[in-house]
There are 2 protein chains.
Amino acid sequence: MRGKLYSVGIGPGDPELLTLKAVRLLKECDAVAIPQGDNGELTAKSIVAQVTDLEQKEQLLIYMPMTKDMAVMDRAHRKAADDVEALLDAGKTVVYITLGCPTVYATCIYVHKLVTADGYEAELVPGVTSICAVAARLGTSLCERSEPLIILPGSYKEVSGFLDGPGNKVLMKSASEIGRVRDELREKGLLKNAAMVERCGLPGEKVYRDLEEIDPKSSYFSVILVKEKEFDTK
Amino acid sequence: MRGKLYSVGIGPGDPELLTLKAVRLLKECDAVAIPQGDNGELTAKSIVAQVTDLEQKEQLLIYMPMTKDMAVMDRAHRKAADDVEALLDAGKTVVYITLGCPTVYATCIYVHKLVTADGYEAELVPGVTSICAVAARLGTSLCERSEPLIILPGSYKEVSGFLDGPGNKVLMKSASEIGRVRDELREKGLLKNAAMVERCGLPGEKVYRDLEEIDPKSSYFSVILVKEKEFDTK
């Protein structure tokens with residue numbers, strides 16, 4: 001019988017933010033699919049390895065190039081889906097671990113969809129997002145009462161329009177654009193309403209209540225929260 | 001010595017979506033603060049009781065009236081903060097459980113802020129949101145690549161404006177407005193891009209891939225997802 005794929009959110013970094021379901025699936029599965037970025041770092045693996053013994057499991061590295069070239073990405077997704085499907089065909093249960101939640105800007109979703117489209121059984125298992133973890137770290141809410149919450153990839157071209165409108169905003173994955181995002185917040189007079197956490201729950205975590213202090217070469221794992229009202233906890 | 005307050009997200013309903021941290025804190029704490037709505041239901045307690053023994057703990061019921069009357073709400077929050085602070089003054093560690101995550105439309109945040117403002121040590125512990133759980137249940141993402149994600153309380157007056165703009169939308173807590181929200185999605189031709197999950201992960205869960213089938217008297221715990229593109233999994 002074919003195995004089943006579980007694409008599992010492992011939370012933002014703190015191994016204690018794994019869910020009971022993630023831990024159970026990791027214990028029960030035959031193989032773990034592990035994302036690997038361009039720099040070779042295995043961030044997701046290092047988190048999971050703190051709460052479960054991966055050495056007993058078959059391990060499949062899934063290489064995801066950091067690129068916006070759709071053809072390169074499509075090839076990487078197809079290769080990953082083929083590798084996962086080979087394990088499923090061998091009757092193995094596969095847990096594909098992903099930082100945060102598989103439903104929020106996760107690369108695993110593309111592979112998950114290919115595997116599903118190919119007729120395999122597959123389930124998404126939600127996790128704690130870095131968005132929630134960052135707000136919690138700052139001691140504030142993302143949204144209250146009738147406040148909208150707008151989550152934007154920092155590199156999204158139309159960020160400006162949203163920044164001028166109502167709601168609290170979260171800027172994700174600003175990466176190399178982070179200096180530009182900060183400058184735009186300054187121009188719009190929004191710096192007093194903004195804070196940032198870099199590598200929330202990971203080694204080297206940094207909290208910035210003043211974005212003037214950030215390093216424009218800041219980590220890929222940075223999340224900026226911009227509130228409609230000034231921060232109550234700053 | 002004064003105790004510490006932990007406002008802890010317990011996830012959307014499935015007890016397996018509690019985090020390891022939530023379970024540890026529930027085991028270690030002296031007292032559990034439990035939200036109670038108008039109908040007397042103790043939804044959060046019934047979830048937590050499936051993974052940890054609450055009978056060994058002091059239990060504090062926190063009554064939260066379902067109202068938009070700010071004066072009534074403010075009184076309820078103050079009363080809850082006073083009750084929590086009495087436990088903290090007695091040196092007790094208190095875990096205040098909340099459905100989903102304390103950072104996303106949670107009533108516990110108001111009590112948490114009052115307790116913090118009164119000088120007590122307090123920590124927010126993020127959980128899996130119903131938003132992520134609903135997308136996972138539908139087998140789809142909330143946002144991919146450069147898609148914005150816009151989270152709106154369904155009763156928010158300016159929902160219309162957002163529905164006309166870019167991004168995927170999540171409509172939360174539509175409650176008694178759910179029929180009106182559905183009608184608006186129909187008028188805008190968005191029903192083909194929408195799906196809903198009622199009581200995700202709770203007893204009586206229902207998935208609606210066609211919103212024409214929903215009961216306008218649907219549960220308070222309903223989340224509608226409206227995607228920019230048609231659903232790939234419908």
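Proteins get letters first, then strands, A, B, ... in listed order; numbering begins at 1 in each.
Inter-residue side-chain proximity for B/Pro126 and A/Leu17 is flagged as met; some heavy-atom pair is nearer than 4.5 Å. Within the 4.5 Å cutoff, the side chain of A/Ile151 has heavy atoms near those of the B/Ile151 side chain.
To the nearest 0.5 Å, atoms OG1 (A/Thr19) and NZ (B/Lys21) are separated by 15.5 Å. Note that NZ of A/Lys113 and OG of B/Ser141 are 4.5 Å apart. Values are rounded to the nearest 0.5 Å.
The local environment of NZ in A/Lys206 is sparse, with at most 12 non-hydrogen atoms from other residues, nucleotides or ligands closer than 6.0 Å. No more than 12 heavy atoms of other residues, nucleotides or ligands lie within 6.0 Å of CD in B/Glu121, so this atom counts as exposed by the packing criterion. Heavy atoms from other residues, nucleotides or ligands lying under 6.0 Å from NZ of B/Lys79 number 12 at most. Heavy atoms of other residues, nucleotides or ligands lying less than 6.0 angstrom from NZ of B/Lys4 number more than 12. Residue B/Lys27 qualifies as open at atom NZ: its count of foreign heavy atoms under 6.0 Å is 12 or below.
In this structure, the portions of A/Arg145 lying under 4.5 Å from any heavy atom of chain B include both its backbone and its side chain. For A/Pro15, the part lying near chain B is the backbone, with the side chain staying farther off; criterion is any non-hydrogen pair under 4.5 Å. Only the side chain of B/Cys101 comes within less than 4.5 Å of a heavy atom of chain A; its backbone N, CA, C and O stay farther away. Using a 4.5 Å cut-off between heavy atoms, B/Ser7 does not touch chain A at all. Using a 4.5 Å cut-off between heavy atoms, A/Ile109 touches chain B through its side chain atoms alone. Neither the backbone nor the side chain of A/Val170 comes within contact range of chain B; no heavy atoms are under 4.5 Å apart. Both the backbone and the side chain of A/Cys132 have a heavy atom closer than 4.5 Å to some heavy atom of chain B. Using a 4.5 Å cut-off between heavy atoms, A/Thr107 does not touch chain B at all.
Closest of all the heavy-atom pairs between A/Gly127 and B/Val128 is C-CG2, 3.7 Å. Heavy-atom minimum distance, B/Ala136 versus A/Thr103: N-CG2, 3.7 Å. Between B/Leu124 and A/Gly139, the closest heavy-atom pair is CD1-C, 3.7 Å.
Taking chain B as the reference chain and counting heavy-atom pairs below 4.5 Å, the highest number among A/Arg137, A/Met70, A/Lys169 is found for A/Met70. Contact count versus chain B (heavy atoms, under 4.5 Å) is highest, among A/Asp14, A/Leu142, A/Leu20, A/Thr129, for A/Leu20. In terms of heavy-atom pairs under 4.5 angstrom with chain B, the leader among A/Val23, A/Asn168, A/Val104, A/Leu18 is A/Leu18.
A donor-acceptor pair under 3.5 Å links the side-chain atoms of A/Tyr105 to the main chain of B/Glu147, judged by distance alone.
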